[in-house]
There are 2 protein chains.
Amino acid sequence: MTKLIDLSHNIINDMPVHPYDDSVRLYQDKFLKADKYNNFRLEIGMHAGTHIDTPMHLTNREIFIDEIALDTFIGKGCLLDVREENVIAYKEEYSDIVSENDIVLLYTNHSDKYGTEEYYTKHPIIDKELANFFIEKKIKMLGIDIPSPDRYPFEVHKMFFNHNILIIENMTNLSELLHIKKFEIIAFPLKIRAEASMVRVIAKI
Amino acid sequence: MTKLIDLSHNIINDMPVHPYDDSVRLYQDKFLKADKYNNFRLEIGMHAGTHIDTPMHLTNREIFIDEIALDTFIGKGCLLDVREENVIAYKEEYSDIVSENDIVLLYTNHSDKYGTEEYYTKHPIIDKELANFFIEKKIKMLGIDIPSPDRYPFEVHKMFFNHNILIIENMTNLSELLHIKKFEIIAFPLKIRAEASMVRVIAKI
């Protein structure tokens, strides 16, 4: 029996965004009674909520997210429990857990703070040794329940981008995968001519 | 070997929209050189490009698309070749082809006209007998490469909505599924508090 778990935050009006980013507007602009149909309109930056970063976000690479191969966005998932680590470090045991082409998810539980100021200002970061491990393992994508794997000047971001590893940021509900041995991640972004995209991330068990 | 086929139109600046709808803006608002990162911002109505309609679009039903069960958006696909039909009618052979819970795709090839005025003004429509057949078969979703299954007053839309059948509109590339016996459709919308959503629709073969 297939079970589907939603790993995405909700897109709502005035949702939390990174301090760098402009706010999100989601509003109804057509109404059944007056216009004969309901319609909502959205104004959003590509890094609000659960989204995928591509190299173009922080480099001069000119490949838009709609040009990236579809099989990048679907594949075997792998969850690492990294709660209580402010600097998420490499551990030897990861060698046996992580395989080439995995979509690796780091469960920090920081998504509990989503909606507070602390969520964007005091999140865990990823150690470079761990980043290098993921690069050497040739993982497909890294998914995190924090807004960024690092802080300015975003060296870890760039390490991943230099090796074409995309990053899914602001994930949630990763606790639900804690004791699941085998699952698939489905995270197709919009087919959009941009350097990143909102995404619905689903785990299929 | 898994093959993935993209059935979605591109989201670009000033893309084609229904004559009722406001235009789409997609623009870069942050630039690597000046801002230290690239960022795009999108302003879009929920019915631009490839998207999923829910009952709330044309009825007083107050269930937003982010509240709809995930398994609605993934499942066995079924393609019907309905090219050259201005009014897409029921055919007896469909009884053997369409099964309960299928995501049924109608291939009209009208997507060839996407980007012309004719695309929105002269598209094929679905006969009520065929709509009733889909309702009786209890299909999960209907996917079409036209902007709407009907015209004002949208009776076919409402028939589907009264039976909780969602509609994927403005699909493309359906020709690639013509001789494929077995495929799955993956079409998770954004987790958005709206009556419809842009969607990346993928066929997995």
Side-chain angles (χ1 to χ4, degrees), chain A residues 2-6 8-13 20-22 25-26 28-30 32-33 35-47 49-50 56-60 64 66 69-71 73-74 152-154 157 186-202 204, chain B residues 2-6 8-13 15 20-22 25-26 28-30 32-33 35-47 49-50 56-60 64 66 69-71 73-74 152-154 186-202 204:
Chain A
T2 299
K3 193 180 164 190
L4 301 167
I5 296 176
D6 199 341
S8 333
H9 283 294
N10 250 74
I11 298 172
I12 57 172
N13 187 47
Y20 291 175
D21 288 337
D22 291 324
R25 288 191 66 207
L26 175 64
Q28 187 164 354
D29 65 343
K30 304 284 181 186
L32 192 58
K33 214 169 169 182
D35 305 298
K36 301 203 172 78
Y37 66 105
N38 292 314
N39 185 53
F40 280 74
R41 194 165 165 90
L42 175 68
E43 299 176 15
I44 194 165
M46 288 302 110
H47 298 265
T50 311
M56 196 186 185
H57 182 45
L58 290 176
T59 72
N60 282 315
F64 292 91
D66 61 354
L70 288 176
D71 65 2
F73 306 109
I74 185 167
Y152 185 79
F154 303 115
H157 254 99
I186 303 172
F188 294 110
L190 295 176
K191 188 171 184 175
I192 188 166
R193 200 118 265 251
E195 88 319 329
S197 172
M198 297 157 274
V199 65
R200 184 77 171 265
V201 187
I202 304 293
K204 186 178 172 190
Chain B
T2 299
K3 195 181 163 191
L4 300 167
I5 296 176
D6 199 341
S8 333
H9 284 293
N10 249 73
I11 298 172
I12 57 173
N13 187 49
M15 63 194 277
Y20 291 176
D21 288 336
D22 292 324
R25 288 191 66 209
L26 175 64
Q28 187 165 352
D29 64 343
K30 305 282 180 187
L32 192 58
K33 213 168 168 185
D35 305 297
K36 303 201 173 77
Y37 66 106
N38 292 312
N39 185 54
F40 280 74
R41 195 167 164 89
L42 175 68
E43 299 177 15
I44 194 165
M46 290 301 110
H47 299 265
T50 310
M56 195 186 187
H57 182 47
L58 289 176
T59 71
N60 283 315
F64 292 90
D66 62 353
L70 288 176
D71 65 1
F73 306 110
I74 185 168
Y152 186 81
F154 302 114
I186 302 172
F188 294 110
L190 295 177
K191 187 170 185 177
I192 189 167
R193 199 118 267 251
E195 89 316 331
S197 172
M198 297 156 274
V199 67
R200 185 77 174 264
V201 188
I202 304 293
K204 185 179 171 190

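Chain letters run A, B, ... following the sequence lines, proteins first and then strands; every chain starts at 1.
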Student: Identify which of A:Gly45, A:Ala69, A:Gly49, A:Pro153 forms the greatest number of heavy-atom pairs closer than 4.5 Å to chain B.
Tutor: A:Gly45

Student: Where on B:Leu4 is there a heavy atom nearer than 4.5 Å to chain A: the side chain, the backbone, both, or neither?
Tutor: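 When you check distances to chain A, atoms from both the backbone and side chain of B:Leu4 fall under 4.5 Å.
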
Student: With side chains defined as the heavy atoms from C-beta onward, is the minimum distance between B:Asn10 and B:Met15 less than 4.5 Å?
Tutor: no

Student: Could you name each residue pair satisfying salt bridge (charged side-chain N to carboxylate O under 4.0 Å, His left out) that touches residues 191-201 of chain A, not counting sequence neighbours?
Tutor: A:Asp6-A:Arg200, A:Asp66-A:Arg193, A:Glu67-A:Arg193, A:Lys191-B:Asp6

Student: Considering only heavy atoms, which portion of B:Asp35 lies under 4.5 Å from any heavy atom of chain A: side chain, backbone, both, or neither?
Tutor: neither

Student: To the nearest 0.5 Å, tell me how far A:Met46 CE sits from B:Arg41 CZ.
Tutor: 8.5 Å

Student: Which value, rounded to the nearest 0.5 Å, describes the distance between A:Phe64 atom CZ and B:Phe40 atom CZ?
Tutor: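 CZ of B:Phe40 is found 4.5 Å from CZ of A:Phe64.
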
Student: Just so I understand: if I count every heavy-atom pair under 4.5 Å between each of A:Ile44, A:Val199, A:Ile5, A:Asp29 and chain B, which residue has the most?
Tutor: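 Max contact count across the listed options: A:Ile44.
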
Student: Counting heavy-atom pairs under 4.5 Å with chain A, which one of B:Ile192, B:Ile74, B:Leu26 comes out on top?
Tutor: B:Ile192

Student: With only heavy atoms counted, which part of A:Asn13 is less than 4.5 Å from chain B, the side chain, the backbone, both or neither?
Tutor: neither

Student: Identify which part of B:Leu190 has an atom lying under 4.5 Å from any heavy atom of chain A, answering side chain, backbone, both or neither.
Tutor: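 Contact with chain A involves both backbone and side-chain atoms of B:Leu190.
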
Student: For B:Tyr37 and A:Asp21, which heavy atoms make the closest approach, and how far apart are they?
Tutor: OH-OD1, 3.6 Å

Student: Does any backbone or side-chain atom of B:Ile202 lie under 4.5 Å from a heavy atom of chain A? Answer side chain, backbone, both or neither.
Tutor: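 For B:Ile202, side-chain heavy atoms alone lie under 4.5 Å from chain A.
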
Student: Between B:Lys30 and chain A, with a heavy-atom cut-off of 4.5 Å, which part of the residue counts as in contact: side chain, backbone, both or neither?
Tutor: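 Contact with chain A involves the side chain of B:Lys30 alone.
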
Student: Count the heavy-atom pairs under 4.5 Å between each of B:Asn39, B:Leu58, B:Asp71 and chain A, then report the option with the highest count.
Tutor: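 Highest number of heavy-atom pairs under 4.5 Å: B:Asn39.
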
Student: Select one option (side chain, backbone, both, neither) describing which atoms of B:Thr59 are under 4.5 Å from chain A's heavy atoms.
Tutor: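 For B:Thr59, the backbone is the part near chain A, not the side chain.
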
Student: So which of A:Ile12, A:Thr50, A:Ile11 has the largest heavy-atom pair count under 4.5 angstrom toward chain B?
Tutor: A:Ile11

Student: Under 4.5 Å, counting heavy-atom pairs only, tell me which of B:Pro189, B:Ser197, B:Ala196 racks up the most with chain A.
Tutor: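 Most pairs with chain A among the choices: B:Pro189.
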
Student: Quick one: salt bridge (charged side-chain N to carboxylate O under 4.0 Å, His left out) partners of A:Lys204, sequence neighbours excluded?
Tutor: B:Glu184

Student: Side chain from CB out, backbone as N, CA, C, O: work out which of these in A:Asn60 comes under 4.5 Å of a heavy atom of chain B, or both, or neither.
Tutor: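 Its backbone and side chain both get close to chain B.
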
Student: Non-hydrogen atoms of chain A under 4.5 Å away: do they reach the side chain of B:Phe154, the backbone, both or neither?
Tutor: neither

Student: With a 4.5 angstrom heavy-atom cut-off, could you sort out which part of A:Ile186 is near chain B: side chain, backbone, both or neither?
Tutor: side chain

Student: Can you see whether A:His57 engages A:His157 through a side-chain donor-acceptor pair at a distance of less than 3.5 angstrom?
Tutor: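 No donor-acceptor contact under 3.5 Å links the two side chains.
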
